[in-house]
*Asks:* 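Please see the structure below; I have some questions.
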Amino acid sequence: MKDVFDFLSLPVMLIAVVICLLIFHPLYNLYLHPLRHYPGPRLYAAFHLPYAITYLRGRSNTVMHNLHERYGPVLRVAPNILSYTDPDAYRDIRGHRKQGNGQNPTDVEGFFFMQRQTLLGMDRDGHTRVRKVLAHGFGAKSLQEQEPVIRKHVDLFIRRLKDMTCQGRPGGTLDIVAWFNCVIFDLIGDLSFGEPLGCLENSRLHPWVQAVFDTTTMYGKRMMVKWYSPSPSLTAWIGWAVGLSAPHSKQQDFAAKQVEKRLAIEDSATRLDFVGAMHRAEGEGGLKKVSKEEIVYNMRLIMLAGSESTATALSATAFLLAAHPDVQRKLTKEVRSTFKREEDIDLWSARRPKYLGAVLNEAMRVLPPASLSMPRVCQDGGDTICGRWVPAGVTLEIWPVAMTHSSRNFAKPDEFVPERWMDDEERDPVFEKDKADALKPFSYGPRDCIGKSLANVEMRLILARMLWNFDISLADEKGKNWAKDMLGWNLWLKDPLNVVLTTPVRRGKE
Ligand code: HEM
């Protein structure tokens with residue numbers, strides 16, 4: 001009898017413990033957890049699962065936006081996760097701190113696929129070391145050297161569009177998302193490795209680019225594995241076993257091969273590109289400041305972060321211009337009257353048109369190109385965020401769409417109105433109270449986007465050249481819903497966007 005009791009007691013006790021945990025843990029989260037006074041749906045506060053399912057479905061931006069509109073600018077979205085739409089959150093969570101004062105580190109686990117050798121995953125010291133070195137590849141001097149490379153790709157892009165469109169064949173349509181991917185991936189590939197990927201030349205995406213997109217739908221699944229894996233050491237193994245690692249390995253192999261090739265180029269050490277900047281830097285005793293392995297990891301990051309986001313911003317802008325002919329007319333007029341000839345449009349002169357800047361800002365507000373919340377973890381000892389104390393270890397998020405579509409931050413938040421970014425006299429007073437600080441597409445603080453100046457000039461140049469040459473319209477009714485309910489994980493899952501490009505009749509005379 002004793003044996004039977006012993007035999008039963010183990011599973012029974014285990015079940016009892018699991019039941020206790022299942023009941024106790026949510027009750028603890030609701031009534032005893034340090035975040036219990038933060039607003040948010042009780043289901044999300046009690047369990048992690050609703051947040052995880054939202055993530056898995058690629059719906060986080062929309063769901064967080066709706067919850068923020070209901071509950072306010074700070075929200076408990078999971079037992080240990082807070083999300084913010086107060087613009088001060090950028091400063092408080094991600095801002096610069098004096099040496100000696102702690103920073104809220106990036107949530108390395110949250111990035112999962114980003115090994116600790118990349119800027120995104122490195123600790124504060126490693127990040128400062130690599131970022132300082134890499135910054136040389138993004139300075140004004142480098143940009144000057146990079147200008148002919150950029151121009152070459154933009155010229156070819158425009159030529160390809162002309163080949164594809166109504167040069168004698170009116171009505172030809174093209175998927176502009178694919179073409180923006182082609183030019184940007186070629187361009188960043190060239191600035192990174194000294195050779196383009198050949199997308200424009202061959203009129204199709206390089207397999208490596210496809211591997212980047214293949215990670216998108218997998219990202220939610222990878223996060224599920226990370227959250228619910230029985231032990232952190234098993235996470236990578238499970239990911240590999242269920243086939244979630246393949247596209248990442250492909251990218252890593254490609255980056256490694258390209259870096260090898262690039263370092264073999266004769267004038268490797270003097271080139272002012274990204275690999276050159278990292279390879280040149282030497283520290284004490286002639287040792288390289290950035291190891292070869294770190295170069296490979298960071299080049300993979302740059303290829304992804306630098307290309308996809310810029311192509312998304314351009315696609316969103318083209319879509320919004322095509323869907324708002326009045327805005328397009330005004331912008332086209334500005335571009336075609338600012339420059340006398342197409343050859344006058346270059347990286348520097350393209351910074352001049354003001355309305356172009358306003359259109360880009362507004363496009364990045366309506367569809368923020370980076371779709372992730374870029375989580376940070378509240379530092380040891382806790383921190384004050386937007387005037388309230390947060391204990392150490394809490395994950396701190398800013399969902400871009402929730403921030404830029406918040407009715408607390410912008411009037412008519414869902415409308416595309418570039419004038420809100422113009423000087424007072426051109427702006428409707430209804431936008432007077434807009435919080436411009438809520439638009440930070442390139443993030444903020446010591447870990448903000450290192451490529452933001454490059455991205456801005458690239459986008460201005462490409463758009464100015466496009467609008468000099470073409471009028472853009474949507475090819476079909478379906479196009480009107482291109483941005484509606486777009487799913488997003490690490491990247492937005494963008495549908496093709498078919499447009500018609502027509503050569504303007506009175507070019508240069510408006
Ligand atoms: C419209 C275009 C772009 C957008 C919207 C964008 C946005 C961002 C965002 C939101 C971050 C994350 C910052 C954080 O964790 O707080 C980031 C980081 C980064 N971006 Fe960009 N980016 C763009 C273009 C580029 C380009 C052109 C490059 C390089 C060629 C680049 C390279 C990087 C790198 C290396 C990081 C990591 C920086 C660090 O952790 O120090 N990005 N970007």
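Sequential numbering from 1 along the given sequence is applied to the chain's residues. For ligands, and for the atoms within them, numbers begin at 1 and follow the listed sequence.
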*Asks:* Under 4.0 Å, counting heavy atoms only: does Y444 come that close to any atom of ligand 1?
*Replies:* no

*Asks:* I'd like to check N104 versus L396 (side-chain heavy atoms, cut-off strictly below 4.5 Å). Are they in contact?
*Replies:* yes

*Asks:* Can you check whether W421 and Y355 have ring centres sitting under 6.0 Å from each other?
*Replies:* no

*Asks:* Parallel, tilted or perpendicular: which describes the rings of F138 and F274, with under 30° parallel and over 60° perpendicular?
*Replies:* parallel

*Asks:* Does R420 pair with E415 as a salt bridge, N-O distance under 4.0 Å?
*Replies:* no

*Asks:* Does some side-chain heavy atom of E362 sit less than 4.5 Å from a side-chain heavy atom of L439?
*Replies:* no

*Asks:* So, are K354 and E334 salt-bridged, with charged N and O less than 4.0 Å apart?
*Replies:* no

*Asks:* Could you name the option among F274, F442, F138 that has the heavy atom nearest to atom 29 (C) of ligand 1?
*Replies:* F138

*Asks:* If you measure from atom 3 (C) of ligand 1 to every heavy atom of G451, S371, S453, S309, which option wins on shortest distance?
*Replies:* S309

*Asks:* Using non-hydrogen atoms of the residue, decide whether M122 is closer than 4.0 angstrom to ligand 1.
*Replies:* no

*Asks:* Ignoring hydrogens and angles, state whether a donor on the side chain of N409 or D434 is under 3.5 Å from an acceptor on the partner side chain.
*Replies:* no

*Asks:* Pick one: which of R94, R91, R131 meets salt bridge (Lys or Arg N to Asp or Glu O under 4.0 Å) with D448?
*Replies:* R131

*Asks:* With a cut-off of 4.0 Å, which atoms of ligand 1 are near a heavy atom of R131?
*Replies:* 38 (C), 39 (C), 41 (O)

*Asks:* Which one of R94, M459, M374 has a non-hydrogen atom at the shortest distance from atom 12 (C) of ligand 1?
*Replies:* M374

*Asks:* Just jot down the ligand 1 atoms closer than 4.0 angstrom to any heavy atom of P369, in number order.
*Replies:* 5 (C)

*Asks:* Report the part of H127 (side chain from C-beta onward, or backbone N, CA, C, O) that has a heavy atom under 4.0 Å from ligand 1; answer both or neither where that applies.
*Replies:* side chain

*Asks:* Does ligand 1 have any atom sitting under 4.0 Å from a heavy atom of R376?
*Replies:* yes

*Asks:* Should one rank G306, S443, A313, A455 by closest heavy-atom distance to atom 26 (C) of ligand 1, which comes out on top?
*Replies:* G306

*Asks:* Taking atom types as modelled, find out whether S192 and Q258 have a side-chain donor-acceptor pair closer than 3.5 angstrom.
*Replies:* no

*Asks:* Given P441, C449, P368, identify the one with the heavy atom nearest to atom 10 (C) of ligand 1.
*Replies:* P441

*Asks:* So, is T106 polar-close to ligand 1, with some N/O to N/O distance under 3.5 Å?
*Replies:* no

*Asks:* Using a 4.0 Å heavy-atom threshold (strictly under), name the region of D448 that reaches ligand 1: side chain, backbone, both or neither.
*Replies:* backbone

